[in-house]
Visitor: 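Here it is: the structure, laid out below.
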There are 2 protein chains.
Amino acid sequence: MPDETITPPAEELVRALEAEDQSAILSIAGAMHYADLSQVYQELESERHEVFLKSIGPEIAADMIVQLPDSMIEEALDHFGPGQLKILFRELSDDDRVDILQAVGDEPRLRFLGLLGPEDEELTRSLLRYEHDTAGGRMTTRFGRIFASMTVKQAIDHLRRDQENTETLARLFVVDARGHLIGRVRLRDLAFNTWDTPIRDIMAEVGPEQRVLATADQEEAANLLLRYDLIVLPVVDEFDHLLGMITHDDAMEILQEESTEDIEKQAGIVGEQAEESYLQSTVLTHFKRRFVWLFGLALLAIASGYVMMRFEDTLMQVFLLSLYLPMVVASGGNTGGQASTMVIRAMSLGELGPGSASRVLWKELRLGAMLGLLLGLTIATITVLILPAFRPQLPEGVSYLLFGATVAAALSAQVVTSTCIGALLPIGARAIRLDPAAVAAPAITTLVDVSGMVIYFTVAQALLGL
Amino acid sequence: MPDETITPPAEELVRALEAEDQSAILSIAGAMHYADLSQVYQELESERHEVFLKSIGPEIAADMIVQLPDSMIEEALDHFGPGQLKILFRELSDDDRVDILQAVGDEPRLRFLGLLGPEDEELTRSLLRYEHDTAGGRMTTRFGRIFASMTVKQAIDHLRRDQENTETLARLFVVDARGHLIGRVRLRDLAFNTWDTPIRDIMAEVGPEQRVLATADQEEAANLLLRYDLIVLPVVDEFDHLLGMITHDDAMEILQEESTEDIEKQAGIVGEQAEESYLQSTVLTHFKRRFVWLFGLALLAIASGYVMMRFEDTLMQVFLLSLYLPMVVASGGNTGGQASTMVIRAMSLGELGPGSASRVLWKELRLGAMLGLLLGLTIATITVLILPAFRPQLPEGVSYLLFGATVAAALSAQVVTSTCIGALLPIGARAIRLDPAAVAAPAITTLVDVSGMVIYFTVAQALLGL
């Protein structure tokens with residue numbers, strides 16, 4: 001974990017910004033990486049945005065603006081006039097341009113599209129058809145594409161002409177005359193082979209599983225890149241025409257975003273985090289994302305209270321039961337949360353196919369039984385050994401041993417039930433095509449609170465003869 | 001999320017394995033990606049491992065074995081004799097070889113080291129000095145290294161000789177005569193420049209922040225690759241000598257592993273998941289990872305029970321309090337869990353520097369106040385409107401309005417307190433150099449259960465005059 005978010009050149013830049021020294025700003029910013037520039041920009045008071053952007057100009061600003069959270073993009077672009085925006089949009093790769101246009105409102109989107117050259121405009125419009133979170137929405141169309149019928153020399157000449165236009169030359173894709181993806185070569189295969197070698201002879205095949213449909217979810221694309229250790233993944237349409245590619249850096253971002261989303265969902269936090277960081281988001285944004293679950297779960301928790309009310313008599317007869325009540329109830333929430341977390345993570349890493357539900361349940365059932373039994377036995381032993389020292393009131397005919405056995409039985413039953421509920425809920429959610437990660441751990445906790453109350457008081461009534 | 005974990009060629013392979021048809025196994029496996037091969041191997045009964053490995057031979061097995069979970073590696077290697085192991089280890093890149101040797105026991109490690117050639121053995125021993133989870137433990141030393149004093153032609157000749165030995169040529173690093181890292185060039189810069197161009201003229205600088213110390217945590221390296229959109233990150237020693245590099249595919253794996261670890265820790269699941277998938281881990285492994293927290297939290301929960309016992313009289317006087325007890329207590333756990341999740345995730349994404357504690361606390365305090373007030377008001381309103389219809393017993397002098405106000409006040413106080421506790425605990429953990437992610441959400445839940453009981457009964461005593 002990095003301990004410092006501000007690097008020394010960033011501090012110099014901040015000083016230059018405070019002094020409004022345009023030439024110093026330009027010279028410091030020009031030597032910095034756009035990721036660092038974007039961080040400085042985000043931490044700046046908004047009155048300084050104007051001088052920052054004017055000083056660095058549209059060329060440097062272009063890459064920096066791509067790195068900003070979606071909510072800050074439109075404001076940043078507003079500091080430039082039409083002529084400068086033309087330059088800025090020309091600087092951007094096609095997928096970055098699309099990302100930016102997806103982040104702004106409808107009116108500015110149309111206005112910005114009008115600033116692009118006719119070719120860029122057509123390409124951008126066609127890319128805007130894909131949803132932001134699909135492979136097509138993430139792909140770049142700037143990549144090295146060569147024909148199988150070329151020789152190495154023809155390919156190099158072709159790429160040299162096209163050099164400006166390609167985002168990565170580390171992997172080059174080979175298509176047939178009709179644009180179908182048929183193979184790939186590496187730049188080194190060109191550099192280290194004689195000039196008359198036919199591309200067809202040196203290309204490697206691209207397996208049917210090492211490509212992704214433009215309409216597929218972005219997470220599927222990222223998982224393929226991860227699984228097959230790829231630098232780039234080709235994106236195709238349903239007829240296998242090569243449309244674009246997704247690069248390793250997009251894949252890393254996608255995986256981080258999806259992990260964050262999963263983690264937040266499981267804590268009962270809803271909605272898109274977009275690209276805003278924790279500190280950038282307003283209190284109101286955080287509030288909206290957290291209140292829904294909090295309120296729903298509060299209402300649900302009244303069910304637990306209702307069960308407790310119903311068992312008023314039982315509790316009155318043996319008030320000592322209340323000493324163990326939170327433990328029995330909470331252990332269910334804890335173990336249910338563990339089970340659901342494990343199952344949800346395994347699902348999002350693609351480890352659990354749809355056929356594995358019964359294997360998961362069998363595993364969690366045994367696990368729940370082991371956890372429940374050991375926990376029950378331990379707590380019962382501690383109870384029988386320690387409790388008598390405090391001389392608590394027990395009704396006639398109820399021994400410490402019987403009381404300990406009651407707590408143990410209820411605890412075991414609660415842990416087994418909760419483990420299975422925790423494992424089953426995400427599987428059930430997926431079966432009805434809901435997102436398993438949306439089965440938040442707090443929801444499971446609250447749910448098994450209710451079952452825990454019922455189990456505890458029912459077992460107590462039965463075993464203690466109340 | 002992929003719906004199928006087995007692809008059609010994998011099914012063919014499984015059939016060939018069942019028929020023990022060695023030549024079919026070899027021909028199908030030879031055309032498959034090692035990631036897919038490894039998955040088939042992991043899902044196979046262990047009696048079939050022998051025929052699988054013998055059929056594919058050490059060359060194909062090498063890359064497959066690297067992909068196996070650590071716990072399966074030693075057994076897989078045991079199927080080969082010394083001669084075949086020599087071939088297998090020669091096939092591996094140096095970082096993969098080190099990974100494998102780190103996964104096996106001390107005795108086989110020494111035996112395997114003896115099978116390497118003298119040069120490989122020395123290199124491997126020097127890499128084994130770095131911990132597995134550091135940049136040095138993850139780096140490869142097979143990379144393109146050229147000298148600033150070379151021309152393009154000399155560099156190409158040098159790389160051509162060394163071609164076998166380099167894992168990626170997409171980025172080449174430039175060192176000075178004493179091995180200090182001073183720049184990088186891309187293969188395309190060589191391919192598209194005239195042969196007499198000096199490397200010094202075409203190389204790009206590598207900023208001081210775009211390199212990582214060999215002793216740094218692997219997560220730091222992965223975050224740098226992510227931040228700067230790099231394909232490879234150079235690894236240096238404290239004198240800035242270039243030692244190796246970390247590739248984008250390692251970075252993706254590191255980020256996934258760390259996310260999984262964070263997610264599991266926050267659910268109270270301890271220990272290394274290693275590289276085993278959910279279904280591969282035995283029930284006993286899962287049991288060990290879950291029991292510790294479960295047991296500790298169960299003991300802690302007795303504190304809540306103790307508080308409840310102490311307030312027996314209060315509860316007896318107004319048993320209606322029990323209807324809202326789970327809600328007040330659970331709302332604290334939910335909101336505390338949300339706060340800690342947000343803060344921990346922001347920390348592991350590097351968004352919160354050490355100086356931001358007060359900003360986080362201020363944000364969560366306002367957030368807790370908003371959540372608590374709105375939640376309290378809503379629940380009070382519902383209570384005052386609906387409760388009278390059920391004609392519950394209230395002590396003399398306690399109106400529905402007063403009762404509703406009591407619940408609301410306790411709920412608000414509990415939510416504010418818990419939100420701050422949830423945000424402060426991970427910050428505190430980091431301040432005393434503990435892993436913030438180890439502050440598991442269930443621990444926070446159990447902790448604020450206790451505070452919730454105290455708050456609820458104290459507020460009730462005060463406002464209801466009990």
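Note that these values count all heavy atoms, side chains included, but never hydrogens, waters or copies made by symmetry. Proteins come first, then strands; the chains are lettered A, B, ... in the order of their sequence lines, and each starts at number 1.
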Visitor: With side chain to side chain contact (heavy atoms under 4.5 Å, CB included) as the test, pick out the partner of B:M252 among A:L226, A:D229, A:N223.
Guide: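 The side chain to side chain contact (heavy atoms under 4.5 Å, CB included) with B:M252 is passed solely by A:L226 among A:L226, A:D229, A:N223.
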Visitor: Once you round to the nearest 0.5 Å, how far does CD of A:E312 lie from CZ of B:F319?
Guide: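 Rounded to the nearest 0.5 Å, the CD-CZ separation comes to 4.5 Å.
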Visitor: Indicate yes or no: at least one non-hydrogen side-chain atom of B:R345 is less than 4.5 angstrom from one of A:S259.
Guide: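 Yes - at least one pair of side-chain heavy atoms lies under 4.5 Å apart.
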Visitor: With chain B, which of A:A346, A:A251, A:A298 has the greatest number of heavy-atom pairs at distances under 4.5 Å?
Guide: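 Sorted descending by pairs with chain B, the first entry is A:A298.
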Visitor: Using every non-hydrogen atom in the two residues, find where B:L367 and A:V283 come nearest and quote the distance to one decimal.
Guide: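 Nearest pair, atom of B:L367 first, then A:V283: CD1-O, 3.4 Å.
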Visitor: Let me know if B:L230 has heavy atoms under 4.5 Å from chain A in its side chain, its backbone, both or neither.
Guide: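 Only the backbone of B:L230 comes within 4.5 Å of chain A.
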Visitor: Relative to chain B, which segment of A:V450 carries a heavy atom at a distance below 4.5 Å: side chain, backbone, both, or neither?
Guide: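 For A:V450, no heavy atom lies under 4.5 Å from chain B.
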Visitor: First locate atom NE2 of A:H248, then atom OG1 of B:T247, and finally report the distance between them rounded to the nearest 0.5 Å.
Guide: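 A:H248 atom NE2 to B:T247 atom OG1 measures 10.5 Å (nearest 0.5 Å).
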Visitor: Name the member of B:L320, B:V329, B:V307 that forms the most heavy-atom pairs with chain A at distances under 4.5 Å.
Guide: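 Among the listed options, the one with the most contacts to chain A is B:L320.
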Visitor: The criterion is ring pair (Phe, Tyr, Trp, His ring centres under 6.0 Å); which residues satisfy it with A:F295, sequence neighbours excluded?
Guide: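 A:F291.
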Visitor: Between atom CG of A:L321 and atom CE of B:M308, what is the distance when rounded to the nearest 0.5 Å?
Guide: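 Rounded to the nearest 0.5 Å, the CG-CE separation comes out at 9.5 Å.
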Visitor: With a 4.5 angstrom heavy-atom cut-off, could you sort out which part of A:E253 is near chain B: side chain, backbone, both or neither?
Guide: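 Both the backbone and the side chain of A:E253 come within 4.5 Å of chain B.
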Visitor: Going by heavy atoms in the side chains, are B:L371 and A:F287 under 4.5 Å from each other?
Guide: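 Answer yes - side chains close enough.
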Visitor: Side chain, backbone, both or neither: which part of B:S38 has an atom under 4.5 Å from a heavy atom of chain A?
Guide: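 It is neither, since no heavy atom gets under 4.5 Å.
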Visitor: Which answer fits A:A31, side chain, backbone, both or neither, if we ask what part of it has an atom under 4.5 Å from a heavy atom of chain B?
Guide: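 For A:A31, neither part sits under 4.5 Å from chain B.
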Visitor: Any luck finding a side-chain donor-acceptor pair between A:Q67 and B:R227 under 3.5 Å?
Guide: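 No donor-acceptor contact under 3.5 Å links the two side chains.
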Visitor: Name the option with the most non-hydrogen atom pairs under 4.5 Å to chain A; the candidates are B:L297, B:L225, B:T446, B:N334.
Guide: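 Top option by heavy-atom pairs under 4.5 Å: B:N334.
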Visitor: Quick one: which of A:G207, A:P326, A:A222, A:P442 has the most heavy-atom pairs under 4.5 Å with chain B, could you say?
Guide: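 Highest number of pairs under 4.5 Å: A:P326.
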Visitor: Under 4.5 Å from any heavy atom of chain A, what part of B:E205 do you find: side chain, backbone, both or neither?
Guide: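 Neither part.
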Visitor: Report the distance from atom CD1 of A:I263 to atom CD1 of B:I344, rounding to the nearest 0.5 Å.
Guide: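 Spacing of CD1 (A:I263) from CD1 (B:I344) equals 9.0 Å.
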Visitor: Of the listed residues (B:G305, B:A301, B:A330, B:S356), which shares the most heavy-atom pairs with chain A below a 4.5 Å separation?
Guide: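 When all of B:G305, B:A301, B:A330, B:S356 are compared, B:G305 has the most.
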Visitor: Tell me which of these, B:R366, B:E258, B:M316, B:R359, has more heavy-atom pairs under 4.5 Å with chain A than the rest.
Guide: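 Highest number of pairs under 4.5 Å: B:M316.
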Visitor: What distance separates A:Y306 OH from B:Y324 OH, expressed to the nearest 0.5 Å?
Guide: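 Here the interatomic distance stands at 13.5 Å.
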Visitor: Considering only heavy atoms, which portion of A:L325 lies under 4.5 Å from any heavy atom of chain B: side chain, backbone, both, or neither?
Guide: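 Side chain of A:L325 only, per the 4.5 Å heavy-atom cut-off to chain B.
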Visitor: What heavy-atom pair brings A:L284 and B:M370 nearest, and what distance separates the two atoms?
Guide: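 Between these two residues, the closest heavy atoms are CD1-CE, 3.8 Å.
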Visitor: With distance as the sole test, does A:K363 use its side chain to make a donor-acceptor pair with the main-chain N or O of B:S281 at under 3.5 Å?
Guide: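 Checking the backbone N and O of B:S281 against the side chain of A:K363, a donor-acceptor pair under 3.5 Å is found.
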Visitor: Are the side chain of B:Q338 and the backbone N or O of A:G268 linked by a donor-acceptor pair below 3.5 Å?
Guide: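 Yes; judged by distance alone, with no hydrogens or angles, the pair exists.
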Visitor: Counting only heavy atoms closer than 4.5 Å, note whether B:S331 contacts chain A via side chain, backbone, both or neither.
Guide: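 Looking at B:S331, backbone and side chain both touch chain A.
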Visitor: In Å, rounded to the nearest 0.5 Å, how long is the span from CG of A:L294 to OG1 of B:T335?
Guide: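 Rounded to the nearest 0.5 Å, the CG-OG1 separation comes out at 5.0 Å.
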Visitor: Between B:Y228 and A:D249, is there a side-chain donor-acceptor contact under 3.5 Å, judged purely by atom types and distance?
Guide: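 No pair is found: no donor N or O on one side chain lies under 3.5 Å from an acceptor on the other.
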Visitor: Partners of B:R290 by salt bridge (charged side-chain N to carboxylate O under 4.0 Å, His left out), sequence neighbours excluded?
Guide: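 Result, salt bridge (charged side-chain N to carboxylate O under 4.0 Å, His left out) vs B:R290: A:E364.
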Visitor: Report which part of A:S340 has an atom under 4.5 Å of a heavy atom belonging to chain B: side chain, backbone, both, or neither.
Guide: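 Neither part; nothing is under 4.5 Å.
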Visitor: Please give me the minimum heavy-atom distance between A:A267 and B:G337, naming the atom from each residue.
Guide: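 Looks like CB-O, 4.3 Å.
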Visitor: Mind checking whether A:M309 and B:P392 have side chains closer than 4.5 Å, heavy atoms only?
Guide: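 They are not in contact (no side-chain heavy atoms under 4.5 Å apart), so the answer is no.
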Visitor: With a 4.5 angstrom heavy-atom cut-off, is it the side chain or the backbone of A:I379 that approaches chain B, or both, or neither?
Guide: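 Answer is side chain: those atoms of A:I379 sit under 4.5 Å from chain B.
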Visitor: Could you check if a side-chain atom of A:S304 sits within less than 4.5 angstrom of a side-chain atom of B:M327, using non-hydrogen atoms only?
Guide: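 The answer is no; the side chains never approach within 4.5 Å.
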